[in-house]
Amino acid sequence: MEKRKRPPYSQNFSGGTTQLYKIALIPGDGTGPEVTAEAAKVLEATASACGFAYETTSFDFGGDRYLRTGEVLPPSAVSDLRAFDAILLGAIGHPDVKPGILEKGILLGLRFDLDLYINLRPVKLYPGVETPLAGKGPEHIDFVVVRENTEGLYTGSGGFLKQGTADEVAIQESINTRQGVERCLRYAFEYTRRRNREKTLTLCGKTNVLTYAFDLWERAFHEVGGADYPDIKREYAHVDATCMWMVKNPEWFDVIVTDNMFGDIITDLAAIIQGGMGIAAGGNINPGGVSMFEPIGGSAPKYTGQGVINPMAAISACHMMLAHLGEQEAADRLEAAIVHVLSHKLESMSAGKMGYSTSEVGDLVAEAVANPIK
Ligand code: IPM
Ligand code: MN
């Protein structure tokens, strides 16, 4: 753990001292540290411009630490992280570690143990960013996916029978609890209300085949919505149809709520229509505790250390973190800077094709935060 303190820049408008945000940084593997450094650079510029104070503490969780110690997370990790106001994660996944170990041990481990039960993934095409969808622009692609983040097929429930024999059986169970489903739905309804756009929440499921799991989801959806959110329009779409509409008519969506596995899959599709992994960010949220913000993309080992990876997703994760902390003015200022750099500077969102290095992109955003173009 490496600690870095920076002084509060100013006092807040009510004359009291500014709150000191405690931010945990987990740069992680591959290009994670490179993009996290740019997010940290932009955080510093935003704090200077907007007058909030924070300190960062870095944790070395990731593949290198695992190879050195044999431990995915130290026993104190979860309780240590609970003491922070927010966590910014770079990427997890190391070429020398068998796939699954770090993802399950670190990323899913933190999602589960910190009870980060919402995975919030905004899908917004910014002006100047290319989408593979013909004839679609920023006015068509602006919705949010609320993915359940602690249940479903991700609980690791199941097992083998007669493993390695011709009679082998592999079972992987989807766990859906009324409480887990309902808290996710309530978050999604509240979010849709606060977002205040189409006031439409679409449940994405598979009620025609998953007749237990999505029966529970659908019943809870209508019960909770009917009782407590009559102002929110309820829609339903099967997951396969959701994929089709996301490509054909993404403008139909306002907020989508879905289970863990479907949420994982549809948000890769969603990420590519908003410009790709270079830009897509998400928040793992525990509304009553610490939350963790991350680029949706992975550790991109082949680009590691070359200064070519796009840090915008990590910078966008930082933007989500500021909004989550309630620093709305800072979040808006940072988003405006992101939009400026995306629309006027970057040639492409792809690694090595941006027209700038990773750290130059961070510099451009930091500069646009410091001196906003009116
Ligand atoms: C994501 C990732 C993870 C997931 C992997 C790395 C375990 O794909 O955050 O979407 O499946 O949730
Ligand atoms: Mn995924």
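Note that ligands are numbered from 1 as they come in the structure, with each ligand's atoms numbered from 1 the same way. It should be emphasised that the depicted structure is a prediction, and the values quoted were computed from it without experimental measurement.
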Heavy-atom pair of closest approach, residues [X] and [Y]:
X	Y	result
Ala40	Leu25	CB-CD1, 4.5 Å
Leu116	Asn286	CD2-CB, 3.9 Å
Ala39	Leu88	CB-CD2, 4.0 Å

- Message: Please check if the number of heavy atoms outside Gln328 that lie under 6.0 Å from its CD is greater than 12.
- Response: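 Yes, the 6.0 Å shell around CD holds more than 12 heavy atoms from other groups.
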- Message: If you count heavy atoms of other groups shown closer than 6.0 angstrom to NZ of Lys206, is the number above 12?
- Response: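 Yes, the 6.0 Å shell around NZ holds more than 12 heavy atoms from other groups.
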- Message: Membership question, hydrophobic clusters at under 4.5 Å side-chain separation (ILVMFWY): are Val181 and Met261 in the same one?
- Response: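 Each belongs to a different hydrophobic cluster.
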- Task: May I ask you to decide if the ring planes of Tyr229 and Phe189 are parallel, tilted or perpendicular, using 30° and 60° as cut-offs?
- Result: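 Correct class here is parallel.
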- Query: Does the side chain of Tyr236 pick up a donor-acceptor pair with the side chain of Thr207 at under 3.5 Å?
  - Reply: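 Note: Tyr236 and Thr207 side chains meet the donor-acceptor criterion.
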- Message: Whether the Asp60 and Ser58 side chains hold a donor-acceptor pair (N or O, under 3.5 Å, no angle test) is what I'd like checked.
- Response: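 Result is no, nothing qualifies.
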- Message: Keeping to distances under 2.8 Å, can you name the protein N/O/S atoms close to the Mn ion (ligand 2)?
- Response: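 Protein N/O/S atoms under 2.8 Å of the Mn ion (ligand 2): Asp264 OD1.
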Per-pair distances, ligand 1 N/O vs protein N/O, less than 3.5 Å:
unit_1	atom_1	unit_2	atom_2	d
ligand 1	8 (O)	Asp264	OD1	3.2
ligand 1	9 (O)	Arg111	NH2	2.7
ligand 1	9 (O)	Arg121	NH2	2.8
ligand 1	10 (O)	Arg121	NH1	3.1
ligand 1	10 (O)	Arg121	NH2	3.1
ligand 1	10 (O)	Arg147	NH1	3.3
ligand 1	10 (O)	Asp264	OD1	2.8
ligand 1	11 (O)	Tyr154	OH	2.6
ligand 1	11 (O)	Asp264	OD1	3.4
ligand 1	12 (O)	Arg111	NH1	2.7
ligand 1	12 (O)	Arg147	NH1	3.4
ligand 1	12 (O)	Arg147	NH2	2.8

